[in-house]
Visitor: 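Got a structure for you, written out below as structure tokens; questions coming shortly.
What you see is a predicted model; the values in this text were computed from it and never measured. Note that ligands are numbered from 1 as they come in the structure, with each ligand's atoms numbered from 1 the same way.
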Amino acid sequence: MEVKIAKFVIDGGGQLKGEIRVLGAKNAAMKMMAASILIKDKVLLENVPDILDITKISEILIKMGAKIERKIHQLLIDTNTLSQTEPDPHLVKEFRASVVLIGPLLARFGQVKISHPGGDKIGRRPIDRHIKAFQDLGINVREDSGGYLFQKTDKLKTLVRFEKISVTATENILLFACGQNQPIVIENAAIEPEIIDLCQFLKKAGAKIAINGRQIIACANNLKAVRHQVIPDRLEAGTYAVMAAATKSELKITQLIPQHLGAFLAKLKVIGVKFEIGPDFLYIKKPENLGATKIKTAEYPGLATDWQPSLGLLLTQAKGTSRIEENIFENRLGYLEELQKMGAKIKLINNHVAEIEGPTKLSGANIASLDIRAGATLIIAGLIAKGRTQISQAENIDRGYEKIEERLQKLGAKIRRIP
Ligand code: EPU
């Protein structure tokens with residue numbers, strides 16, 4: 001796959017107007033694509049965003065022998081012909097979600113060889129929680145310089161208790177469980193909406209899954225053909241809500257599930273953003289006074305780490321001293337250094353904590369998009385800054401946001417892509 005290296009050029013200062021639709025959640029869709037390995041029949045996924053990470057996982061599956069037909073926001077997957085147990089190491093290294101291929105491949109073929117998954121540069125991102133959980137189930141895991149070899153044994157155990165919560169590790173064990181006859185119990189599981197949606201998908205295909213608080217019990221016998229509509233991306237919805245508030249615009253954000261945005265909306269309210277919540281939309285009103293607050297990220301139902309960068313940017317426009325505590329990833333405050341180049345008053349206390357003094361007028365600068373959510377945040381920064389902002393490494397934004405410049409142009413944003 002050829003990734004085009006591009007930049008975004010933004011002329012800031014204007015307001016936005018109109019409606020923007022939230023697309024499907026990539027962090028649910030990619031896991032359903034991996035889950036299709038368990039289903040030797042047709043899988044039809046709807047509301048799939050047209051983004052780079054989906055292209056990458058499609059390529060991995062196709063290289064292993066799957067057939068995938070891609071139409072607008074739709075994927076028809078058939079893994080009946082999939083025969084390989086070693087996902088392409090180069091592609092695996094490009095994104096984190098590739099790690100969830102382990103569970104379904106192991107369940108279907110009894111072994112999988114995989115290199116260390118890559119992804120956003122937001123911390124070391126080890127896979128020790130995945131390995132420990134598989135070992136707890138009686139799986140043999142060998143590591144060498146080329147990656148990991150997971151092998152099923154005949155001593156399968158049925159309980160995994162995570163000491164610390166992990167989204168993709170929970171999904172990996174869930175997917176493995178959905179290839180077993182006997183129920184596997186997952187304790188202290190992650191319960192993000194994308195995981196619940198993955199469970200819905202698996203149940204439609206015939207899996208037996210019970211969710212009780214942070215406990216998930218799952219098993220399955222011969223999963224069948226399934227058609228499923230992926231839930232809207234709550235993280236993308238958050239980006240647009242902050243975009244409206246920061247640019248002092250009125251914006252209707254449609255096709256979302258407000259319940260998935262609980263902790264985020266509560267924080268917006270504290271900051272002083274005014275909004276109306278509809279059954280499947282959010283209407284952000286032009287804010288008057290924004291005030292400082294404390295942000296602490298946590299696992300769902302807490303405030304998602306993925307919303308932290310855009311809220312951090314919003315707090316540069318709020319009166320007073322705000323504090324950010326990033327509790328999930330080791331290195332997700334890098335975007336603040338880019339905002340400093342635009343004039344933001346930020347004190348980086350350590351890798352997890354920062355203080356922001358506001359409000360500050362931002363000025364256009366040449367900055368770099370470090371990861372998906374940081375990149376989207378810098379677009380918002382460019383939209384409110386005086387003058388021209390150039391954001392390099394735009395491909396990091398393309399990994400999670402479909403044709404972002406075209407969709408923002410329709411709202412009146414002065415943004416364009418250059419090679
Ligand atoms: N961690 C370990 N060992 C492990 C697994 C995780 O130390 O074996 C650490 C991580 O380094 C991190 C923390 O545990 O510090 C939480 O990681 P988790 O495993 O929960 O995150 P993830 O599964 O790697 C997913 C999403 C992220 C999202 C996080 C948190 C996917 C592909 N990625 O990552 O989404 O931020 O959960 O909700 O589902 C994004 O969409 O841009 C994105 C980065």
Visitor: Can you tell me if T321 and E357 form a side-chain donor-acceptor pair at under 3.5 Å?
Guide: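 Result is yes, a qualifying pair exists.
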Visitor: I'd like the name of whichever of D306, D128, N331, V167 reaches closest to atom 18 (P) of ligand 1 through any heavy atom.
Guide: V167
Visitor: Quick one: which ligand 1 atoms are inside 4.0 Å of a heavy atom on I127?
Guide: 4 (C), 8 (O)
Visitor: Are K132 and D128 close enough for a salt bridge, meaning some N to O gap below 4.0 Å?
Guide: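 Salt bridge between K132 and D128, a charged N being under 4.0 Å from a carboxylate O: no.
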Visitor: Give a yes or no answer on whether the side chain of D197 reaches the backbone of I231 with a donor-acceptor pair at less than 3.5 Å.
Guide: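 Answer holds: yes.
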Visitor: Under the criterion salt bridge (charged side-chain N to carboxylate O under 4.0 Å, His left out), I'd like the reasoning laid out for E46 against R227: C-alpha separation, chi angles, the key distance, then a yes or no.
Guide: CA-CA 8 Å; E46 293 167 326; R227 174 182 185 160; 2.7 Å; yes
Visitor: Is it the case that the side chain of T153 and the backbone of G138 share a donor-acceptor pair, with hydrogens and angles ignored and the cut-off at 3.5 Å?
Guide: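 Pair found, side chain donor or acceptor close to backbone of G138.
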Visitor: I372 to ligand 1: N or O pair under 3.5 Å?
Guide: no
Visitor: Considering the heavy atoms of K31, write down every atom of ligand 1 situated less than 4.0 Å from one of them.
Guide: 31 (C), 32 (C), 39 (O)
Visitor: I need the atoms of ligand 1 closer than 4.0 Å to a non-hydrogen atom of T305, numbered in the order shown.
Guide: 30 (C), 36 (O)
Visitor: Using heavy-atom distances, let me know which of I328, N27, D371 sits nearest atom 32 (C) of ligand 1.
Guide: N27
Visitor: Does S322 reach the main-chain N or O of T293 with its side chain, forming a donor-acceptor pair under 3.5 Å?
Guide: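 Such a contact is found between S322 side chain and T293 backbone.
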Visitor: Give, for atom CD of Q180 and atom CG of L137, the distance between the pair rounded to the nearest 0.5 Å.
Guide: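 That separation rounds to 8.5 Å.
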Visitor: Number the atoms of ligand 1 from 1 as they appear, then name those within less than 4.0 Å of a heavy atom of T168, with their elements.
Guide: 19 (O), 22 (P), 23 (O), 24 (O)
Visitor: Run the contact test for P126 against ligand 1 with a 4.0 Å cut-off on heavy atoms, strictly below, and give the result.
Guide: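 In this structure, P126 qualifies as a contact of ligand 1 - some heavy atom is under 4.0 Å.
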Visitor: What atoms of ligand 1 come closer than 4.0 angstrom to any heavy atom of H130?
Guide: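 Selected atoms, number and element: 8 (O).
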Visitor: Got an N/O contact under 3.5 Å between E171 and ligand 1?
Guide: no
Visitor: Ignoring hydrogens and angles, tell me if any N or O in the side chain of Q317 forms a donor-acceptor pair with the backbone of A246 under 3.5 Å.
Guide: no
Visitor: For atom 44 (C) of ligand 1, which candidate among R96, R332, R373 provides the closest heavy atom?
Guide: R332
Visitor: Specify side chain, backbone, both or neither for K26, according to which of its non-hydrogen atoms lie closer than 4.0 Å to ligand 1.
Guide: side chain
